[in-house]
Protein chains: 2
Amino acid sequence: MRTFKKCRNGSYDFLNAKSRSRSIEHVARTGRPREFNKEQTLERALTLFWSRGYGATSIQDLVDALAVERGSLYGTFGDKRRFYLEAVRLYWEVYERHLIATLDTSPLLPALREILTHPARLDELVSDVGVPQGCLVGNTTAELVPQDGEATEIVTRSYRRFTDIVTDALSRAQAAGEVTDRAHPAAQAQMLLYLVQGLSLVSRAGLDKAAALAAIDAAVDGLRA
Amino acid sequence: MRTFKKCRNGSYDFLNAKSRSRSIEHVARTGRPREFNKEQTLERALTLFWSRGYGATSIQDLVDALAVERGSLYGTFGDKRRFYLEAVRLYWEVYERHLIATLDTSPLLPALREILTHPARLDELVSDVGVPQGCLVGNTTAELVPQDGEATEIVTRSYRRFTDIVTDALSRAQAAGEVTDRAHPAAQAQMLLYLVQGLSLVSRAGLDKAAALAAIDAAVDGLRA
DNA sequence: CTGACTTCTGTGCGTACGTTCAAGAAGTGC
DNA sequence: GCACTTCTTGAACGTACGCACAGAAGTCAG
């Protein structure tokens, strides 16, 4: 559901400069300082969880990939479940920022198309196994929901935020006469949520890029006034 | 992505009478007869896998829920992974039969709407935890793909079958002037695959039935000629 | 009845997992 | 420099897992 551009250092630019600088706030704290970057470690864990899933990612995998010892991970992030949920939260936070920024434009449909095609950008979607990983929120829905109340809450809230943001944009576009008013903006937004989640999921199993783009165009054309 | 009507005995009617009678073929075989029904056990395992996922369902869970000892399960179905994949295959086989039967009609759009609303029929979607479970193929995509080649194969083939079947139906409906020809049938079918998979997935986290139906109607309206 | 064959039952094995803990190292503030 | 706090390290723990196996139980052909 989201792609991240790789930075020059090989890590992903999940956080903007503002929130990154916030991490240097343990200046006034006593005690031995942490030897690893907390945010960067969370980002790296996110990419691992993203491509392998929650259950298939062991603590040992994380220790190996992050170069941080078990005890430090537990001390910093709590147990595995809490670590994962924190990664999901970060994932959505970044995606939502991107969503809002992209849809704040007119005409809307091209922007909408870009949002939808994001999961289809195979060349930008790199994981440690070299395949697209779908949307982390969607993966969480499949794997943790409904056994985990907290995961359900995060997932539900994310979906709700998506539809709220897209509904607002569609309302404006309907008012501008760009999008058909045969359906309510909320219904159209819900439809787009299903579409992007389905695309993200199905893409995990391999993606025919041309077919995916044609499908997206078919859906977007259906919205045109 | 699929609902099953509960039978009077509390089990699910996954198999039709024909394939069920095939199971009484161990009449001429020697040795101690199996004390449990293989198909029925597979069905029950399917519902368990369906609601909990692959990783979260332990052998012990299966032994408890199926009332079949570990050894018997291994002897009959092989290891856990093979057992699961067999359940996924059965799941899709039943769904595909339903899909073909439902779409073999004219006009097509109401039938298509019924296919799409299937995951939204909360009252018929019962799991052991009392919530909808999404599509087992979709769940498998999220959890096992891309680490498991055989799972990927099953999932990919299922998606392909879906789009093939729906494309055929849409071609006929386009020829009949019922569905718009602004997009190719294959693109429309792909779009519907994404839609139904997204709906199944998102439904796992809780479903606003009215919103889901409105979204489906918005998509189906976009197909109308 | 007997022998060949198949399935059932439950115990046991090795492993890998998530998690904890104690001791030491590396800082900070007075 | 001393007390205090936090982080690091690596070993260890308990558990639950997937899986194998040996002996009992049942069926059928001759």
J.: Can you say whether a donor on the side chain of Arg70(A) sits under 3.5 Å from an acceptor on the base of dT9(D), or the other way round?
T.: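 Per atom types, no contact qualifies.
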J.: Any carboxylate oxygen within less than 4.0 angstrom of a Lys/Arg side-chain nitrogen, looking at Glu93(B) and Arg97(B)?
T.: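 Yes, charged N to carboxylate O under 4.0 Å.
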J.: Nearest whole Å is fine: how far is dC19(D) C1' from Lys80(B) NZ?
T.: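 So the NZ-C1' distance, Lys80(B) to dC19(D), works out to 12 Å.
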J.: Would you indicate whether the side-chain heavy atoms of Val88(B) and Phe49(B) approach each other to under 4.5 Å?
T.: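 Result no, sub-4.5 Å side-chain heavy-atom pair not found.
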J.: Using whole Å, report how far CZ of Phe77(A) lies from C1' of dC7(D).
T.: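 Rounded to whole Å, this separation is 13 Å.
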J.: Can you tell if the side chain of Leu42(B) reaches within under 4.5 Å of the side chain of Phe83(B), non-hydrogen atoms only?
T.: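 Side-chain contact under 4.5 Å: yes.
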J.: Report the distance from atom CG of Leu62(A) to atom P of dT19(C), rounded to the nearest whole Å.
T.: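 Result: 11 Å.
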J.: Do Asp164(B) and Thr167(B) get their side chains close enough for a donor-acceptor pair, meaning under 3.5 Å?
T.: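 No pair is found: no donor N or O on one side chain lies under 3.5 Å from an acceptor on the other.
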J.: Going by side-chain hydrogen bond (donor to acceptor under 3.5 Å, both in side chains), Thr140(A) matches just one of Tyr54(A), Trp92(A), Tyr84(A). Which one?
T.: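 Checked Tyr54(A), Trp92(A), Tyr84(A) against Thr140(A); only one passes side-chain hydrogen bond (donor to acceptor under 3.5 Å, both in side chains): Tyr84(A).
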J.: To the nearest Å, how far apart are Leu73(B) CG and dA20(D) P?
T.: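 Distance check: Leu73(B) CG to dA20(D) P gives 14 Å.
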J.: Give Ile59(A) one of three labels, base, sugar-phosphate or nothing, depending on what nucleic acid heavy atoms sit under 4.0 Å from its own.
T.: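 Base contact.
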J.: Taking the side chain as everything from C-beta on, heavy atoms only, tell me whether Phe162(B) gets closer than 4.5 Å to Val137(B).
T.: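 The answer is no; the side chains never approach within 4.5 Å.
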J.: For the side chain of Glu143(A) and the backbone of Gly53(B), is there at least one donor-acceptor N/O pair under 3.5 Å apart?
T.: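 Pair absent, no side-chain N/O of Glu143(A) close to backbone of Gly53(B).
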J.: Return the value, rounded to whole Å, for the distance between atom CZ of Phe36(A) and atom P of dT6(D).
T.: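 The answer, rounded to whole Å, is 15 Å.
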J.: Let me know the distance between OH of Tyr84(B) and P of dG18(D), rounded to the nearest Å.
T.: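 My rounded result for the distance is 14 Å.
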J.: Under 3.5 Å, which N/O atoms of the protein pair with N/O atoms of nucleotides 3-5 of chain D?
T.:
none

J.: Relative to the 5' end of DNA chain C, which residue comes earlier, Thr57(A) or Gly71(A), by the nucleotide with the nearest heavy atom?
T.: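 Counting from the 5' end, the first nearest nucleotide belongs to Thr57(A).
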J.: Would you mind reading off the distance between Gln60(B) atom CD and dT15(D) atom C1', rounded to a whole angstrom?
T.: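 Spelled out: CD on Gln60(B) to C1' on dT15(D) is 13 Å.
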J.: Does dC8(C) have OP1 or OP2 under 4.0 Å away from a side-chain N or O of Ser72(B)?
T.: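 Yes.
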J.: Rounded to whole angstrom units, what separation is found between the OH atom of Tyr74(B) and the P atom of dG12(C)?
T.: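 In whole Å, dG12(C) P lies 18 Å from Tyr74(B) OH.
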J.: If you check the Ser58(B) side chain, which of dT9(C), dC17(D), dC17(C) turns out closest?
T.: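 When the side chain of Ser58(B) is considered, dC17(D) is the closest of dT9(C), dC17(D), dC17(C).
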